[in-house]
Amino acid sequence: MDSWSPVFRPRMWERDKALYAAWMDGAAVRSPWKRRRFAIWREEQFSAEMRVAREAEQKRQADLMANPSAELVAAYRELQAASGARIGCARGGDMTNPKTVRALARALSDHAEKFQ
């Protein structure tokens, strides 16, 4: 029994059965090099989907920053008032979400109040 048979890896087989059949044009060839080539192709498809999703999210965030809503502008004003400094960029955070900006402003103002 090989490591890719329906008996040995049933969940993997259920997940990939239709995709593998389409990739093989219905042929039931299960040689090791074809299975490996299929796995490589599947990984390429997955990484392409992730790249497209990442680019779409970056475009969405860029559009929101280029055309901010009134709520986002108000949240940035709160953040500037809480920090007392010019607002630059926050690495690793979604600064296009007003709730995130307000939470950061609240954290800064709480910290400032604690040490006054």
Carboxylate-amine/guanidinium contact Glu55 Arg51, below 4.0 Å: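 Salt bridge between Glu55 and Arg51, a charged N being under 4.0 Å from a carboxylate O: yes.
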
Pair Arg60 + Glu57: basic N to acidic O under 4.0 Å: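 The answer is yes: the pair qualifies as a salt bridge.
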
Heavy-atom pair with the smallest gap, counting every atom of Ala75 and Pro98: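 Looking at all heavy atoms of both residues, the shortest contact is CB-O, 3.8 Å.
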
Candidate pair Phe46 and Met50, rule side chain to side chain contact (heavy atoms under 4.5 Å, CB included), full reasoning: CA-CA 6 Å; Phe46 179 74; Met50 291 297 102; 3.8 Å; yes

hydrophobic_cluster_shared for Val101 and Val73, side chain cutoff 4.5 Å: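 No, it is not one cluster - the side chains of Val73 and Val101 are not joined through contacts under 4.5 Å.
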
Single-linkage hydrophobic cluster Leu64~Tyr76, side-chain heavy atoms < 4.5 angstrom: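 Looking at the clustering, Tyr76 is in a separate group from Leu64.
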
Pair listing, salt bridge (Lys or Arg N to Asp or Glu O under 4.0 Å) test, anchored in residues 68-77, at least two apart: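 Applying salt bridge (Lys or Arg N to Asp or Glu O under 4.0 Å) to every pair that reaches into residues 68-77, excluding sequence neighbours, yields Glu71-Arg102.
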
Distance in Å, [X] [atom1] paired with [Y] [atom2], rounded so as to fall on 0.5 Å steps:
X	Y	atom1	atom2	answer
Leu108	Gln80	CG	CD	12.0 Å
Arg42	Asp16	CZ	CG	4.0 Å
Leu72	Asn67	CG	CG	11.0 Å
Leu79	Thr100	CG	OG1	11.0 Å

Derivation of the side-chain hydrogen bond (donor to acceptor under 3.5 Å, both in side chains) call for Glu49 and Gln45: CA-CA 6 Å; Glu49 289 174 13; Gln45 298 300 309; over 6 Å; no

Criterion salt bridge (Lys or Arg N to Asp or Glu O under 4.0 Å) on Arg11 and Glu14, from CA distance to verdict: CA-CA 5 Å; Arg11 283 179 295 187; Glu14 284 300 317; over 6 Å; no

